[in-house]
Amino acid sequence: MKVLGIESSCDETGIAVYDTQSGAIWQRLYSQIEKHREYGGVVPELASRDHVVKAAPMLLDILHEIGGVEALDAIAYTRGPGLIGALMVGANLARGLAFATDKPLLGVHHMEGHLLAPMLDGAGPQLPFVALLVSGGHTMLVEVRELGRYRILGESLDDAVGEAFDKTAKLLGLPYPGGPELAALADSVTASTFKFPRPMTNRPGLDFSFSGLKTAALTIVRQHQPLDHGLRAEIAHAFQDAVVETLRIKCRRALEASACLNLVIAGGVGANRRLREVLRAEVEALGGRAYFPALEYCTDNGAMIAYAGALRLLQGQCDEPGADVLARWSLETLPAIEA
Ligand code: KG4
Ligand code: ZN
């Protein structure tokens with residue numbers, strides 16, 4: 001079964017086709033980052049407009065490559081959560097195509113896409129597992145005992161990890177989205193004289209809070225004006241250390257609480273080198289295994305939507321008539337994917 005995946009929940013237009021038989025993936029990805037950079041964050045209206053311009057030509061291009069629209073068996077798109085206007089662009093393109101070709105259509109949960117992305121190369125984890133989802137909009141620990149059924153063990157009460165990276169990067173004068181650049185700056189030194197708190201680690205529970213780290217960074221930045229390159233690198237290093245250490249402590253706690261050995265790490269921040277290294281070592285020390293998507297499938301993309309959609313479409317799941325896009329949508333409300 002060849003399934004089309006359309007992702008347009010934020011500032012990435014992703015179009016991909018996933019073949020459930022061969023595992024082959026065809027994909028196109030366009031990032032709008034340059035358009036939003038001068039505003040220091042994603043401007044929803046600009047995002048919707050740019051998806052309108054880019055999505056259809058990318059779709060035509062990929063259809064040409066797979067041998068025309070007849071080669072498709074089903075269509076999946078990101079139904080939510082995300083920016084409403086941006087989601088509507090992808091959803092309407094998907095609906096139009098499904099209507100014109102009479103093919104099954106399914107709206108996919110964006111975070112399920114991220115969560116299942118490590119399985120795209122066919123070497124995913126055994127059930128049960130715990131997933132750490134860390135992106136620009138979400139930070140959560142999810143228990144997965146059955147494919148498609150998700151139990152949220154903990155989540156951020158304020159900023160998402162990616163958001164904390166981006167805001168702290170901005171304080172250090174790095175361009176938006178500063179996560180990867182802050183990480184590179186942090187990795188350019190091996191130690192720091194600064195120490196940031198590890199929020200909410202000294203009390204039980206699996207929720208997170210990252211807004212305090214940004215405030216801690218602001219205080220240090222104010223105390224050390226003007227900042228030279230060395231100081232900025234030390235602040236970045238201490239910030240990254242605090243984030244990684246906090247996530248390590250909570251992941252360990254989540255694995256122990258749910259008696260799981262396998263940990264999936266997904267979402268944009270899952271591309272962070274230090275986080276990958278520390279979590280891999282932690283999970284292996286517990287006798288388990290850590291699974292990461294390939295780097296190209298960590299950040300938003302169409303392939304993860306095609307894949308998650310394919311698992312459900314193969315079971316005959318598809319959209320109810322009149323299904324609408326959803327700005328907010330709990331992962332816990334999804335139906336199981338029968339094995
Ligand atoms: O999953 P994603 O592409 O989009 C959302 O659904 O939010 O995640 C984007 C987030 C941004 O905040 C970005 O700064 C962060 O992931 N990010 C990183 C790294 N690469 C991307 N944060 C830290 N280290 C990285 N290497
Ligand atoms: Zn995402």
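Counting starts at 1 for both ligands and their atoms, following the listed order.
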Practice task
Would you mind listing which atoms of ligand 1 come within a distance below 4.0 Å of any non-hydrogen atom of S135?
Solution key: 1 (O), 5 (C), 6 (O), 7 (O), 8 (O)
Exercise for the section: Ignoring hydrogens and angles, state whether a donor on the side chain of Y30 or D50 is under 3.5 Å from an acceptor on the partner side chain. Expected result: yes
Practice task
Run the salt-bridge test on K2 and D19 with the 4.0 Å N-O cut-off and return the result as yes or no.
Solution key: yes
Exercise for the section: Find all atoms of ligand 1 within a distance of less than 4.0 Å from any non-hydrogen atom belonging to G162, and give their numbers and elements. Expected result: 12 (O)
Completion exercise
Counting from 1 in the order shown, the ligand 1 atoms closer than 4.0 Å to a non-hydrogen atom of G136 are 5 (C), 7 (O), 8 (O), 9 (C), 10 (C), 12 (O)
Fill in the blank from the handout: When rounded to the nearest 0.5 Å, the distance separating SG of C251 from CG of L275 is 7.5 Å
Exercise for the section: Could you tell me if any non-hydrogen atom of H138 lies under 4.0 Å from any atom of ligand 1? Expected result: no
Problem - the Zn ion (ligand 2) neighbourhood, protein N/O/S only, threshold under 2.8 Å - result: H110 NE2, H114 NE2, D300 OD1
Problem - Atom indices of ligand 1 within 4.0 angstrom of H110 heavy atoms, with elements - result: 6 (O)
Practice task
Check the side chains of H237 and D187 for a donor-acceptor pair under 3.5 angstrom, ignoring hydrogens and angles.
Solution key: no
Problem - G178 N/O under 3.5 Å from ligand 1 N/O - result: no
Exercise for the section: Inspect the contact between D228 and R232 and indicate whether a charged nitrogen and a carboxylate oxygen are less than 4.0 angstrom apart. Expected result: no
Exercise for the section: Tell me, please: is C10 in heavy-atom contact with ligand 1, that is, under 4.0 Å? Expected result: no
Exercise for the section: Go through ligand 1 atom by atom and flag the ones less than 4.0 Å from a non-hydrogen atom of H114. Expected result: 1 (O), 6 (O)
Fill in the blank from the handout: A student comparing A183, C298, A186, G179 should find that the heavy atom closest to atom 22 (N) of ligand 1 comes from G179
Handout entry: Lys/Arg N to Asp/Glu carboxylate O, D159 vs K167, below 4.0 Å
Key = yes
Completion exercise
Among V244, V269, L133, the residue with a heavy atom nearest to atom 18 (C) of ligand 1 is V269
